[in-house]
Amino acid sequence: MLPKGKNHLKISLQLLLLPGFSLLSMGVLLEGLLSLQSIVDGEKSLTFSWDFIALDNEAVSSACGTQVKTSLTLDSLEMVSGVNHYLIIFGSKLGMDDEQLTFSLKPLIEKALNKRIVIVCMDGAVFHLAKDGYISEHTMVAFNASRSLSEHYTFESIPAHTGVFNDGDIWLCTGGNAASRIAELIAQKRKQRISEIKKLSTEMVRNETVFNTVRDIPSSLPPQVASTLQFIKNNLATSLDPDFIASRCGLSRRTLDLLMTRETGRTVKQTIVHLRTDYACHLLVQKTKSLKEVAKECGFESISQFSRLFKKRTGLTPAAWRYDAYLNLSSQND
C-alpha cells in the first residue's frame with residue numbers, strides 16, 4: 001500500500017530493553033529522533049516509529065529501578081526487510097564487561113543481519129555481541145577507551161562524535177548523551193539512501209523507452225563482448241547458460257569471462273544478473289506489473305531468487321525499492 005502522503009518517509013525501529021538498561025540513553029535517543037521529525041532536504045516529511053521489546057513477558061527493570069512493560073517479546077518479534085530498518089539494543093549501564101552474560105542474543109543478531117537490518121548497541125549491549133564474535137577487538141578497545149573518557153568528562157568537553165563507532169552493519173554507542181549522535185546518523189543514512197534511489201530511479205525513467213536497444217551498448221567494445229551483451233538483453237526472460245553464450249561466440253567460457261571482465265568488470269554470469277536487476281528496476285518504476293510478473297519477465301527462477309539477487313545489488317528488496325522510487329518520482333512531478 002502506498003503512503004497517504006506521497007512525500008512521507010517513515011523509519012521503523014525495534015527497541016530491545018535488557019535488564020539494567022539506561023533510561024537516560026533511551027530518553028536521549030528518542031528525544032533526538034523526535035527533534036528530527038521534520039522536512040528533509042526541503043521536500044520530504046521524515047517520521048519515526050518504534051516498538052519496545054523485552055526478553056520475556058516480564059516488565060524490564062532499568063538501572064534506576066523503573067519498570068517498563070513492553071508490548072512485544074523476542075518470541076513475538078517479527079523482522080521484515082525494507083519495513084524494519086533498525087534494531088536498537090539497550091544493554092545494562094552497570095557492570096557491563098565484567099557482568100555474567102547469562103543469555104545469548106546470537107539468534108536475534110543473525111536474523112537481523114540476514115535481513116540487512118542495522119543493529120545499534122547501546123551501553124552494555126556491546127558485550128553481548130563481543131562475546132559471540134560480532135565485534136572486532138580493535139573496535140572494542142576504542143569503545144572501552146571512549147566509555148572511560150565519558151565517565152570522567154562532561155559531554156560538552158569532548159568531540160560530538162566520541163562515543164559512537166561503526167563496525168559494518170553494527171553500530172556501537174557508549175550511551176548517555178552520545179545517543180543523540182545515533183539519532184543524527186539514522187536520519188543522515190536515510191537521506192543518503194534516498195539520494196541514491198532518486199538518482200537511479202530518475203535514470204531508469206529517462207531511459208525506459210530505450211532500455212533494450214542497441215544504443216545502450218558502446219560501439220567501441222570488441223564484437224564478442226557487444227554480441228554477448230546484446231544477446232543477454234534480448235533474452236533476459238529465458239534461461240541463460242554462460243557456456244552456451246560462450247559457444248555461440250566461438251569461445252570457451254573461460255576466455256569469454258576473461259574478455260568480459262576486462263571490458264566490463266563482470267563475468268558472463270555476473271552480467272546476466274546485473275542486466276536482469278537493471279531491467280527489474282526499469283519495470284518496478286513503471287508500476288504496471290506485480291513483483292511476480294517482474295521476476296518472470298526478467299528471467300528470475302522464483303520470487304525468492306529475485307528478492308535475494310535484487311537486494312544484493314541495490315540494498316533493498318524489490319518492494320522496498322519500488323516504494324522509495326515512488327516517493328522520489330512523485331516529488332519530481334510536484
Side-chain angles (χ1 to χ4, degrees), residues 1-3 12 14 76-87 107-119 168-169 193 196-197 200-201 203-205 207-208 211-213 216-217 228-248 253-254 256-257 260-261 264-329:
M1 174 179 282
L2 297 174
S12 170
Q14 296 171 314
S76 61
L77 176 63
E78 293 185 0
M79 293 182 178
V80 181
S81 299
V83 175
N84 304 120
H85 304 103
Y86 292 86
L87 170 64
L108 175 68
I109 301 305
E110 284 292 312
K111 185 176 181 180
L113 291 176
N114 288 337
K115 293 181 178 296
R116 299 291 296 274
I117 294 173
V118 175
I119 300 168
D169 286 333
R193 186 62 194 163
E196 294 170 1
I197 294 296
L200 182 57
S201 59
E203 187 67 23
M204 287 298 169
V205 169
N207 295 327
E208 65 180 338
F211 178 86
N212 212 33
T213 64
D216 287 323
I217 300 175
T228 296
L229 290 173
Q230 193 59 63
F231 180 81
I232 293 173
K233 294 190 73 174
N234 289 343
N235 296 276
L236 285 175
T238 67
S239 177
L240 291 169
D241 178 20
D243 289 315
F244 172 76
I245 294 173
S247 67
R248 65 180 296 277
R253 177 174 174 178
R254 175 174 172 74
L256 182 58
D257 274 341
M260 290 287 293
T261 301
T264 70
R266 290 180 288 271
T267 64
V268 176
K269 185 176 181 179
Q270 291 169 340
T271 299
I272 293 171
V273 174
H274 187 86
L275 291 177
R276 278 176 170 161
T277 51
D278 264 2
Y279 190 40
C281 287
H282 159 78
L283 295 177
L284 290 169
V285 168
Q286 291 181 324
K287 303 190 296 291
T288 58
K289 299 179 183 293
S290 68
L291 295 183
K292 184 176 181 180
E293 290 172 327
V294 171
K296 182 178 181 180
E297 188 165 336
C298 294
F300 293 101
E301 296 176 359
S302 63
I303 284 287
S304 60
Q305 184 197 53
F306 174 36
S307 296
R308 177 173 56 82
L309 294 176
F310 188 91
K311 186 173 182 180
K312 184 177 181 180
R313 167 85 188 282
T314 68
L316 292 174
T317 63
W321 195 95
R322 170 177 270 176
Y323 175 81
D324 277 356
Y326 162 82
L327 293 176
N328 288 286
L329 292 175

Check your understanding: Within a strict 4.5 Å, meaning less than it, do heavy atoms of the Gln14 and Leu87 side chains meet?
Key -> yes
Revision key, fill the gap. Residues at least two apart in sequence or cross-chain that pass side-chain hydrogen bond (donor to acceptor under 3.5 Å, both in side chains) with Thr288, listed by chain then number, are none
Exercise for review: Enter the distance from Ser12:OG to Ile117:CD1 here, rounded to the nearest 0.5 Å.
Suggested key: 8.5 Å
Revision key, fill the gap. Sorted by chain and residue number, the side-chain hydrogen bond (donor to acceptor under 3.5 Å, both in side chains) partners of Ser302 (sequence neighbours excluded) come out as Ser304
Review point. Do the non-hydrogen side-chain atoms of Arg276 and Leu240 ever get within less than 4.5 Å of each other?
Key: yes
Check your understanding: NE2 of His274 to CD1 of Ile232: how many Å apart, nearest 0.5 Å?
Key -> 11.0 Å
Revision key, fill the gap. When every non-hydrogen atom of Arg322 is compared with those of Leu283, the smallest separation belongs to NH2-O, 3.9 Å
Review point. Between CD1 of Ile245 and CD1 of Ile272, what distance do you get to the nearest 0.5 Å?
Key: 4.0 Å
Check your understanding: NZ of Lys111: more than 12 outside heavy atoms within 6.0 angstrom?
Key -> yes
Check your understanding: How far does SG of Cys298 sit from CG of Asp278, to the nearest 0.5 angstrom?
Key -> 9.5 Å
**Study point:** Validation row: Leu256, Thr228 side chains within 4.5 angstrom (heavy atoms)
**Key:** yes
**Study point:** Spacing of Lys269 atom NZ and Asp241 atom CG [to the nearest 0.5 Å]
**Key:** 10.5 Å
Point to revise | Qualifying residues under salt bridge (charged side-chain N to carboxylate O under 4.0 Å, His left out), relative to Lys289, sequence neighbours excluded | key: Glu297
Practice item. Name all residues meeting the ring pair (Phe, Tyr, Trp, His ring centres under 6.0 Å) criterion together with Phe300; count only those two or more places apart in sequence or in a different chain, and write none if there are none. Key: Phe306
**Study point:** Pairing residues for Gln305 by the side-chain hydrogen bond (donor to acceptor under 3.5 Å, both in side chains) criterion, not counting sequence neighbours
**Key:** none
Exercise for review: Tell me, please, which residues at least two apart from Ser76 pass side-chain hydrogen bond (donor to acceptor under 3.5 Å, both in side chains).
Suggested key: Thr73
Check your understanding: Atom CE in Met79, atom CG in Asn114: separation rounded to 0.5 Å?
Key -> 10.5 Å
**Study point:** Shortest non-hydrogen contact between Arg266 and Gln270, atoms and distance
**Key:** CA-OE1, 3.4 Å
Point to revise | Close side-chain approach of Tyr279 to Leu275, heavy-atom, < 4.5 Å | key: no
